[in-house]
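All remarks here apply to the structure that follows.
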Amino acid sequence: MISLFLELKAQAASILKDAIMKAGFEIEDSELHFETSPHADLASRAAFKLAGLYKQNPKELASRIVSEIEIPEGSYVGEVAAVGPYINFRAGRSYLDRTVAAVREEQEKFGCGAPKDKILLEHTSANPNGPLHVGHIRNSILGDTLARILKRAGYDVEVQYYVNDMGRQIAVVSWACERFELDLSKKSDSAIADVYIKANVELEKNPEYVKEIDALMEKVEAGDVKTIESFDEAVSLAVAGIKETLLRMNVVHDEFVKESLFLKSGAVHDIVERIKATGRTKIDKGALVVDLADYGFEKTLVIQRSNGTSLYTTRDLAYHEWKATQADRVIDVFGADHKLISGQLRATLNAIGLKEPEVVIFEFVSLPEGSMSTRRGQFISADELFDRVTAAALDQVETRRPETSAEFKKEVSEMVGMGAVRYDIVRVSPEKSTVFNWKEALDFEKQGAPYIQYSHARACSILEKAREEAAWDPAAAVSPSLLVEDSEIDLIKKMAMFDSIIDFCAQELKPHVLAIYARELADSFNQFYRFVPVLVAEDPQVRAARLALVDCARIVLANALDTLGIGAPESM
RNA sequence: GGGCUCGUGGCUUAGCCAGGAUAUAGCGCUGGGCUUCUAACCCAGACGUCGGGGGUUCAAAUCCCUUCGAGCCCGCCA
């Protein structure tokens with residue numbers, strides 16, 4: 001079904017356009033300039049535009065246009081008024097009633113769009129040389145939330161993690177596993193990081209070891225079975241740990257695709273030949289480089305080392321070629337350090353006539369002492385963050401709900417803690433760089449995930465009580481028109497926005513907008529909760545309508561939380 | 001040195017691409033509210049040269065120029 005809010009906007013546009021024509025002016029649809037505003041459900045600045053075109057006073061134009069307004073029977077538009085140069089539209093009763101009905105009908109499907117194209121989304125793809133750290137999870141959370149938004153918007157989304165199983169860093173890991181003992185009493189990715197860090201210290205001290213690393217890489221590229229096996233072993237250990245961390249975050253990948261696949265299949269060789277065929281390549285100090293000057297890149301892109309081996313970039317080109325055949329759209333979530341290389345990757349793909357990925361870039365998360373680095377052992381692991389956050393959440397549950405079972409406390413603290421982490425990261429727009437701070441990460445006394453979850457739990461609690469009193473049937477017919485309090489109307493209007501928010505986020509690839517919406521929705525519900533009694537409402541019809549509204553709020557809050565990948569506890 | 005991104009009350013942050021109504025919200029601060037459906041809540045208040053300077057425009061946080069500050073990139077690493 002079509003989005004309620006977008007339908008309201010479409011109806012407002014048509015009404016406004018008719019009135020403008022009747023007033024004797026002409027205007028393009030794109031010049032109606034609708035916006036949401038605190039003064040109206042929809043406000044048009046069209047009078048400003050016409051004032052410029054017809055050299056007249058915008059205030060007078062607005063009131064003249066409004067005097068020509070005719071609202072058709074059954075329209076979602078309730079009233080239109082000129083306030084200064086603005087033309088303000090207010091949604092009518094049918095819009096509110098229709099919203100309540102739609103949420104009750106569609107339940108967990110509310111906000112879902114019509115089926116759309118296939119999208120292949122890649123995110124996280126951290127090197128398997130250690131555990132995920134707090135920088136990586138910005139990628140995971142952004143990517144996973146995006147995937148959830150796109151799915152709800154109607155896209156057929158497949159999510160992939162691209163596993164570097166043959167780069168230089170993995171050669172170092174493999175070399176490290178031979179040289180140092182793995183402490184397998186630890187989580188496997190953390191054990192890998194330990195030896196990887198040691199190996200890097202060793203390599204710094206004795207640069208001649210670099211030759212051993214080079215030799216390993218050449219062997220892998222040549223298909224040496226034993227070396228490949230030892231790489232695989234190390235990679236599997238790291239990936240197993242990474243998967244555990246992702247699972248705890250509620251981040252889902254459909255497929256883990258290994259880089260080496262594209263070398264084995266010959267795809268890397270083939271794509272190098274095709275790039276050569278464009279005449280853009282040349283040999284620079286023995287290495288094969290691509291000239292992308294006409295795409296605005298000063299520096300050439302190296303796609304083959306002087307010893308003939310491939311690079312990450314080369315294999316990534318082959319991976320992207322394959323992805324292009326798998327889906328209508330390809331989306332990559334990368335850190336800011338990939339800005340240049342992803343631009344060069346896109347240019348190269350374009351040069352050989354392949355579909356380019358849409359790249360979502362997020363800026364860095366650093367520590368007060370500087371940027372994070374697995375190699376130098378300077379990072380805070382995601383696991384440590386999760387442990388400390390859920391422990392802090394458990395403290396809260398223990399003081400707030402001492403009477404509950406240990407199992408309940410554990411479950412709720414996991415939901416609240418992980419929700420807090422996800423929300424904290426997704427609420428900030430990706431182009432903002434951030435500095436990680438423990439005090440802030442462990443602080444629940446702010447309008448974050450727990451606030452939204454709490455609103456959901458409150459709604460559930462009311463419904464549970466109503467059920468206990470055997471006085472509520474969720475499917476019973478009600479009259480939404482009885483919902484006339486300001487806070488009721490605000491809440492309904494906020495719920496009606498959900499599908500257009502999903503739509504916007506999917507179009508702009510901006511998950512933080514949904515995070516903000518979810519908080520505003522919780523705000524609206526909490527205000528309703530504070531000012532409007534539900535269970536003790538005197539009129540049974542009003543009580544039934546309000547229970548239906550609480551149920552609607554529960555549904556939309558749950559849908560919003562689900563799209564953010566955050567658990568929705570029924571009690572907390 | 002060159003490129004990209006960011007700079008909004010003490011702190012965090014929305015709005016900027018598609019310029020317009022008193023600049024968004026949270027934390028913190030001040031004051032108030034649980035005999036009423038979970039107070040992880042609600043209400044009220046104080047706090048702002050939208051980094052600085054110039055320009056375009058009837059109108060600039062938003063567009064253009066310039067300058068300062070921070071982050072990232074400019075590897076035969078990924």
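Worth saying up front: this structure is predicted, and the values here are computed from it rather than measured. So you know, we letter chains A, B, ... as the sequences are listed, proteins then strands, and number each from 1.
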Inset, instruction - Mark this stacking check for A/Y451 against B/A40 as yes or no, applying ring centres under 5.5 Å and ring planes under 30°. - result: no
Inset, instruction - Measure from CZ on A/F525 to C1' on B/C42 and round the result to the nearest Å. - result: 13 Å
Legend entry - Side-chain N or O of A/K439 closer than 4.0 Å to phosphate OP1/OP2 of B/C27: no
Legend entry - Interatomic distance where CZ belongs to A/F362 and P belongs to B/C72 [whole Å]: 13 Å
Legend entry - Out of B/C72, B/C37, B/U13, whichever nucleotide has its closest atom nearest the side chain of A/S461: B/C37
Inset, instruction - Assign A/A336 to base, sugar-phosphate, or nothing according to its heavy-atom contacts below 4.0 angstrom with the strands shown. - result: sugar-phosphate
Inset, instruction - Have a look at A/Q527 and say if it touches a base, only the backbone sugar-phosphate, or nothing, with a 4.0 Å heavy-atom cut-off. - result: sugar-phosphate
Inset, instruction - Looking only at side-chain atoms of A/K465, point me to the closest of B/C6, B/A21, B/C37. - result: B/C37
Inset, instruction - Taking the side chain as every heavy atom from C-beta outward, state whether A/M166 and A/R315 have any pair of such atoms under 4.5 Å apart. - result: yes
Legend entry - N/O (side chain, A/R168) to phosphate O (OP1/OP2, B/A78) under 4.0 Å: no
Legend entry - Base-pairing mate for B/G1 - Watson-Crick or G-U, with both contacts under 3.5 Å: B/C74
Legend entry - Whole-angstrom distance between B/C47 and B/U24, as gauged at atom C1': 15 Å
Inset, instruction - Quote, to the nearest angstrom, the P distance that separates B/U13 from B/G31. - result: 29 Å
Inset, instruction - Kindly point out which of B/A18, B/G26, B/C73 is positioned nearest to the side chain of A/E508? - result: B/A18
Inset, instruction - For A/R519, answer base if it contacts any base atom (sugar-phosphate contacts may also be present), sugar-phosphate if it contacts only those atoms, and nothing otherwise; contact means non-hydrogen atoms under 4.0 Å. - result: sugar-phosphate
Inset, instruction - Ignoring backbone atoms, establish whether A/Y312 has a side-chain N or O less than 4.0 Å from OP1 or OP2 of B/G75. - result: no
Inset, instruction - Specify whether A/Y209 and A/W175 have parallel, tilted or perpendicular ring planes, treating 30° as the upper limit for parallel and 60° as the lower limit for perpendicular. - result: tilted
Inset, instruction - Indicate the ring-plane relationship of A/Y319 and A/F262, choosing parallel, tilted or perpendicular according to the 30° and 60° boundaries. - result: tilted
Inset, instruction - Answer with base, sugar-phosphate or nothing: what part of the nucleic acid does A/A43 contact at a heavy-atom distance below 4.0 Å? - result: base
Legend entry - A/D490 side chain to A/S524 side chain, donor-acceptor N/O pair below 3.5 angstrom: no
Inset, instruction - Counting Watson-Crick and G-U wobble pairs only, both distances under 3.5 Å, name the nucleotide matched with B/C16, or none. - result: none
Legend entry - Whole-Å distance separating the CD atom of A/Q447 from the P atom of B/A14: 16 Å
Legend entry - Pair A/Y451 + A/Y423: ring centers closer than 6.0 Å: no
Inset, instruction - Describe the nucleic acid contact of A/S371 in one word from base, sugar-phosphate, nothing, applying a heavy-atom distance below 4.0 Å. - result: sugar-phosphate
Inset, instruction - Check every strand shown and say whether A/S429 touches a base, only sugar-phosphate, or nothing at a heavy-atom separation below 4.0 Å. - result: sugar-phosphate
Legend entry - Whole-Å gap separating P (B/C74) and CG (A/L292): 16 Å
Legend entry - Nucleotide nearest A/E440 when distance is taken to its side chain, options B/C11, B/U13, B/A78: B/C11
Legend entry - Distance-only polar pair, side chains of A/E218 and A/T309, donor-acceptor under 3.5 Å: no
Inset, instruction - Name the closest nucleotide to the A/L311 side chain, picking from B/A78, B/U13, B/C42. - result: B/A78
Inset, instruction - Report yes if a side-chain nitrogen or oxygen of A/R543 is closer than 4.0 Å to either non-bridging phosphate oxygen (OP1 or OP2) of B/C37; otherwise report no. - result: no
Inset, instruction - Identify which nucleotide among B/A40, B/A14, B/C27 has an atom closest to any side-chain atom of A/V428, counting heavy atoms from C-beta outward. - result: B/A14
Inset, instruction - Record whether the side chain of A/H512 comes under 3.5 Å of the base of B/U13 through a donor-acceptor pair of N or O atoms. - result: no
Legend entry - Whole-Å distance separating the CD atom of A/E35 from the C1' atom of B/G20: 8 Å
Legend entry - Which nucleotide in B/A78, B/U5, B/G7 has an atom nearest any side-chain atom of A/E363: B/U5
Legend entry - Donor-acceptor pair between A/N164 and A/Q169 side chains, under 3.5 angstrom: no
Legend entry - Nucleotide B/G15, atom C1' - distance to CZ of A/F504 in whole Å: 11 Å
Inset, instruction - Establish whether the base of B/A21 is bridged to the side chain of A/N88 by a donor-acceptor pair shorter than 3.5 Å. - result: yes
Inset, instruction - Identify whether any heavy atom of A/R530 sits under 4.0 Å from a base atom; if not, whether one sits that close to sugar-phosphate; answer base, sugar-phosphate or nothing. - result: sugar-phosphate
Would you give me the side-chain donor-acceptor pairs under 3.5 Å for residues 335-349 of chain A, sequence neighbours excluded?
unit_1, atom_1, unit_2, atom_2, d
A/K339, NZ, A/E363, OE2, 3.0
A/S342, OG, A/H338, O, 2.8
A/S342, OG, A/K339, O, 3.0
A/R346, NE, A/E356, OE1, 3.2
A/R346, NH1, A/P357, O, 3.1
A/R346, NH2, A/E356, OE1, 3.3
A/T348, OG1, A/Q344, O, 2.7

Inset, instruction - Check the distance between B/U57's C1' and A/K49's NZ and give it to me in whole angstrom. - result: 13 Å
Inset, instruction - Would you kindly give the CG-to-P distance between A/L340 and B/G71, to the nearest whole Å? - result: 20 Å
Inset, instruction - Name the nucleic acid region contacted by A/V435, choosing base, sugar-phosphate or nothing; use a 4.0 angstrom heavy-atom cut-off, strictly under. - result: nothing
Inset, instruction - Check every strand shown and say whether A/V534 touches a base, only sugar-phosphate, or nothing at a heavy-atom separation below 4.0 Å. - result: base
Inset, instruction - Identify the nucleotide, in any strand shown, that forms a Watson-Crick or G-U wobble pair with B/C6, with both distances under 3.5 Å; if there is none, say none. - result: B/G69
Inset, instruction - Using a 4.0 Å heavy-atom cut-off across all strands, classify A/K339 as base, sugar-phosphate, or nothing. - result: base
Inset, instruction - Please state whether the rings of A/H133 and A/H136 are parallel, tilted or perpendicular, taking 30° and 60° as the class boundaries. - result: parallel
Inset, instruction - Answer with base, sugar-phosphate or nothing: what part of the nucleic acid does A/D523 contact at a heavy-atom distance below 4.0 Å? - result: sugar-phosphate
Legend entry - Presence of A/K432 side-chain N/O under 4.0 Å of B/U12 phosphate oxygens OP1/OP2: no
Inset, instruction - Side chain of A/Q396 only, please: which of B/C43, B/A14, B/A40 is the nearest? - result: B/A40
Legend entry - Distance below 4.0 Å between A/R45 side-chain N/O and B/A59 OP1 or OP2: no
Inset, instruction - Scan A/R375 against the nucleic acid and name what it touches under 4.0 Å (heavy atoms): base, sugar-phosphate only, or nothing. - result: nothing
Inset, instruction - Start with the C-alpha distance between A/E403 and A/R401, add both sets of side-chain angles, then the distance that settles salt bridge (Lys or Arg N to Asp or Glu O under 4.0 Å), and finish with yes or no. - result: CA-CA 5 Å; A/E403 79 288 1; A/R401 303 294 300 277; 3.0 Å; yes
Legend entry - Nucleotide nearest A/N526 when distance is taken to its side chain, options B/C41, B/A14, B/A78: B/C41
Legend entry - Face-to-face contact A/F444 to B/A40 six-ring, under 5.5 Å, under 30°: no
Legend entry - Sugar-phosphate only, base, or nothing, as touched by A/V416 at under 4.0 Å among non-hydrogen atoms: base
Inset, instruction - Ignoring the backbone of A/L535, work out which of B/C37, B/C41, B/G75 is nearest its side chain. - result: B/C37
Inset, instruction - Scan A/V397 against the nucleic acid and name what it touches under 4.0 Å (heavy atoms): base, sugar-phosphate only, or nothing. - result: base
